[in-house]
Amino acid sequence: MTKKILVYGQQVVQGKIPISGAKNAALPLLAASILSEDGLTLNNVPPLSDIRTMLVLLGTLGIEHSVSNLNSFSMSLNCKTDAISNFEAPYDIVKQMRASILVLGPLLARFGQCKVSLPGGCAIGVRPIDLHLKGLQALGATIELKDGYVYAQAKRGLKGTEFTFPIVTVTGTENLLMAAALADGETVLKNAAREPEIKDLASCLIKMGAKISGHGTSEIRIKGVSRLHYTDHTVLLDRIEAGTYAIAAGITNGQVDLIGHSIKDLLPTFIKKMEEIGLMFEDINGGLRVTSSGKLNGTKITTEPFPGFPTDLQAQTMSLLCVASGKSLINETIWENRFMHVAELIRMGASISVTGARATIIGKHQLVGAPVMATDLRASSSLILAGLVAKGNTIVDRVYHLDRGYCAMEEKFGNCGVKIERI
Ligand code: EPZ
């Protein structure tokens with residue numbers, strides 16, 4: 001697989017971009033297949049490397065899957081879950097992708113035992129799972145940490161309880177939601193994450209027979225059932241991919257039609273902020289049209305849990321603010337180390353300074369193409385966005401980060417008259 005992408009400078013995005021299924025919805029949904037012996041079919045799954053990693057992990061547990069309707073933008077997966085015989089998620093898989101931790105709750109709920117490697121950190125932060133473990137203990141599991149693994153047991157099954165998250169955690173909420181679905185009695189999750197991906201997971205679990213209410217709010221109630229059954233489910237659209245391409249239209253002074261329904265509801269605060277900066281949004285049939293006003297203004301951004309401004313669009317927005325007029329501030333409140341794209345943008349002539357969790361950006365009229373390095377998934381897309389508007393060409397290295405979360409970006413941009421190519 002080639003490691004670099006060449007981005008030609010000073011291009012304008014003009015056209016339609018179909019938005020794929022959400023990586024951060026598909027990953028928990030794949031883990032949810034563990035909860036039923038009848039299997040699960042997922043449609044509109046994005047063909048991404050993180051999805052492939054999750055499928056390898058499910059394979060080691062004994063879950064076989066078949067692929068259909070495969071194209072560069074989506075695929076359908078059918079998971080066969082009646083022969084799960086191994087309850088261990090090994091380090092060499094979990095270290096590649098933290099979301100592997102999502103098999104913890106389902107394995108515990110259905111089989112009463114599992115051994116899952118501690119995920120370890122990643123580029124953007126330590127990424128602890130202490131709240132996942134505290135929540136599972138509240139559900140009656142015994143948890144032991146030994147030689148880098150979580151040993152979890154619930155021999156007599158999990159028991160419904162009331163659990164309040166001290167901080168909002170997306171996968172922590174997902175792990176407990178899945179575990180509680182098969183617990184004995186009612187569980188109330190307070191200060192739960194409200195991300196659309198949680199709602200999507202809950203709606204799939206309900207189709208499998210789970211009794212859930214309040215999903216999408218900060219208080220989710222789950223009445224445990226004895227078993228879940230087969231269903232098929234279509235994965236929610238990827239709001240982070242949609243936001244990334246909206247910024248592409250803004251930064252290149254172009255226009256893009258994001259094809260997919262109700263994208264607006266998935267990005268309330270982001271869209272408000274983009275309008276402040278100078279992007280215009282218009283509902284069109286089957287999608288959302290994003291047009292640049294031609295004048296970009298600086299603003300103040302603070303990342304927050306949904307419905308606040310998504311941290312996963314922070315790096316991309318920083319690229320946009322690098323070429324907006326005036327001063328901008330970005331407060332990154334979710335991850336302690338999510339400014340690694342700053343050094344790379346500075347290599348392209350951006351004027352950014354960072355103190356702690358705050359970045360100050362002074363808008364420049366022009367960025368200059370340069371060889372840069374992707375450090376994490378969303379940083380890689382922010383560098384490509386900067387390269388599109390820069391004078392001269394940009395080469396983004398370590399582009400495997402991009403392939404974790406964006407499918408067929410060259411093709412999607414190519415259909416909008418924008419040339420980026422792997423070299
Ligand atoms: C999910 O990660 C997403 N990943 C991330 O997207 C996203 O950045 C993040 O939510 C925030 O929206 C998936 O959904 C697969 P958290 P997650 O638990 O669940 C702290 C991307 O680019 N915390 O909501 O791991 C944690 O340190 C990825 O697609 C604890 O302290 O994030 C962080 O400060 C990057 N203890 C905060 O909570 C815990 O047990 C939010 O983390 C769990 C989390």
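Along the sequence shown, the residues carry numbers beginning at 1. Each ligand, and each atom within it, is numbered from 1 in the order the structure gives.
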Novice: For atom 26 (C) of ligand 1, find the nearest protein heavy atom and state the residue, atom name and distance (0.1 Å precision).
Specialist: Trp335 CZ3, 3.7 Å
Novice: Provide, to 0.1 Å, the distance between atom 25 (O) of ligand 1 and the closest protein heavy atom, together with that atom's residue and name.
Specialist: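 Here the nearest protein heavy atom works out to Arg98 NH2, 2.9 Å.
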Novice: Starting from atom 24 (O) of ligand 1, locate the nearest protein heavy atom and write down its residue, its atom name and how far away it is, to 0.1 Å.
Specialist: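 Looking at atom 24 (O) of ligand 1, the protein heavy atom closest to it is Val170 N, 2.8 Å.
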Novice: Check each heavy atom of Thr169 against ligand 1 and say whether those closer than 4.0 Å belong to the side chain, the backbone, both or neither.
Specialist: both
Novice: If you measure from atom 38 (O) of ligand 1 to every heavy atom of Ile167, Thr171, Leu102, Leu131, which option wins on shortest distance?
Specialist: Ile167
Novice: If you measure from the Lys or Arg side-chain nitrogens to the Asp or Glu carboxylate oxygens, is any gap between Asp312 and Arg338 under 4.0 Å?
Specialist: yes
Novice: Return the residue, atom name and 0.1 Å-rounded distance of the protein heavy atom closest to atom 22 (O) of ligand 1.
Specialist: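 Closest protein heavy atom to atom 22 (O) of ligand 1: Arg378 NE, 2.9 Å.
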Novice: So which of Pro310, Gly172, Pro128 gets nearest to atom 43 (C) of ligand 1, if we judge by its closest heavy atom?
Specialist: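 It is Pro128 whose heavy atom sits nearest to atom 43 (C) of ligand 1.
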Novice: Taking the six-membered ring for Trp, are Tyr406 and Tyr245 parallel (under 30°), tilted (30 to 60°) or perpendicular (over 60°)?
Specialist: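 Plane angle over 60°, so perpendicular.
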Novice: A cation-pi test, strictly: NZ or CZ of Lys412 under 6.0 Å from the centre of the six-membered ring of Phe73 and no more than 45 degrees from its axis. Yes or no?
Specialist: yes
Novice: Testing the basics here: between Tyr91 and Leu118, what is the closest heavy-atom pair and its distance to 0.1 Å?
Specialist: CD1-O, 4.2 Å
Novice: Counting each atom of ligand 1 from 1 as listed, which ones have a heavy atom of Thr311 under 4.0 Å away?
Specialist: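 Listed by number with element: 8 (O), 11 (C), 12 (O).
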Novice: Check whether Lys273 reaches the backbone of Lys300 with its side chain - one donor and one acceptor, N or O, closer than 3.5 Å.
Specialist: yes
Novice: Can you list the ligand 1 atoms lying under 4.0 Å from a non-hydrogen atom of Lys23?
Specialist: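 Near Lys23, meaning under 4.0 Å from one of its heavy atoms, ligand 1 has 21 (C), 29 (O).
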Novice: Looking at ligand 1, is there an atom of it that comes within less than 4.0 Å of some heavy atom belonging to Val168?
Specialist: yes
Novice: Would you say Glu174 and ligand 1 have an N/O pair spaced under 3.5 Å apart?
Specialist: no
Novice: Which residue holds the protein heavy atom closest to atom 2 (O) of ligand 1, what is that atom called, and what is the gap in Å?
Specialist: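 Residue, atom and distance for the closest contact: Arg127 NH2, 3.4 Å.
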Novice: Backbone or side chain, does any N or O of Glu195 fall under 3.5 Å from an N or O of ligand 1?
Specialist: no
Novice: Check contact between Arg338 and ligand 1, using heavy atoms of the residue and a distance below 4.0 angstrom.
Specialist: yes
Novice: Check this for me: does any side-chain nitrogen of one of Lys199 and Asp265 sit under 4.0 Å from a carboxylate oxygen of the other?
Specialist: no
Novice: Would you please say whether a donor-acceptor pair under 3.5 Å links the side chains of Asn43 and Ser76?
Specialist: yes
Novice: To the nearest 0.1 Å, how far is atom 28 (C) of ligand 1 from its closest protein heavy atom, and which atom is that?
Specialist: Asp312 OD2, 3.8 Å
Novice: Would you indicate whether the side-chain heavy atoms of Leu236 and Ser203 approach each other to under 4.5 Å?
Specialist: no
Novice: Is the backbone N or O of Lys190 less than 3.5 Å from a side-chain atom of Thr164, with the two atoms forming a donor-acceptor pair by type?
Specialist: no
Novice: State whether Glu186 and Lys211 are salt-bridged, where the test is any N-O pair (Lys NZ or Arg NE/NH1/NH2 against Asp/Glu carboxylate O) under 4.0 Å.
Specialist: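 Looking at Lys211 together with Glu186, the answer is no, because their closest N to O distance does not fall below 4.0 Å.
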Novice: For ligand 1, which atoms have a heavy atom of Ile334 less than 4.0 angstrom away?
Specialist: 33 (C), 34 (O), 41 (C)
Novice: So do the side chains of Thr60 and Glu88 get within less than 4.5 Å of each other, counting heavy atoms only?
Specialist: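 The answer is no; the side chains never approach within 4.5 Å.
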Novice: If you measure from each non-hydrogen atom of His132 to ligand 1, which part falls under 4.0 Å: side chain, backbone, both or neither?
Specialist: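 Both backbone and side chain.
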Novice: Going by heavy-atom distance to atom 14 (O) of ligand 1, choose the closest among Asn24, Ile129, Ile101.
Specialist: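 It is Asn24 whose heavy atom sits nearest to atom 14 (O) of ligand 1.
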Novice: Specify the protein heavy atom at minimum distance from atom 36 (N) of ligand 1: its residue, its atom name, and the distance to 0.1 Å.
Specialist: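 Looking only at protein heavy atoms, the one closest to atom 36 (N) of ligand 1 is Asp130 OD1, 2.7 Å.
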Novice: Look at the side chain of Thr299 and the backbone N and O of Ile277, then say whether any donor-acceptor pair between them is shorter than 3.5 Å.
Specialist: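 Not at all, since once roles are kept as given, no pair shorter than 3.5 Å links the two residues.
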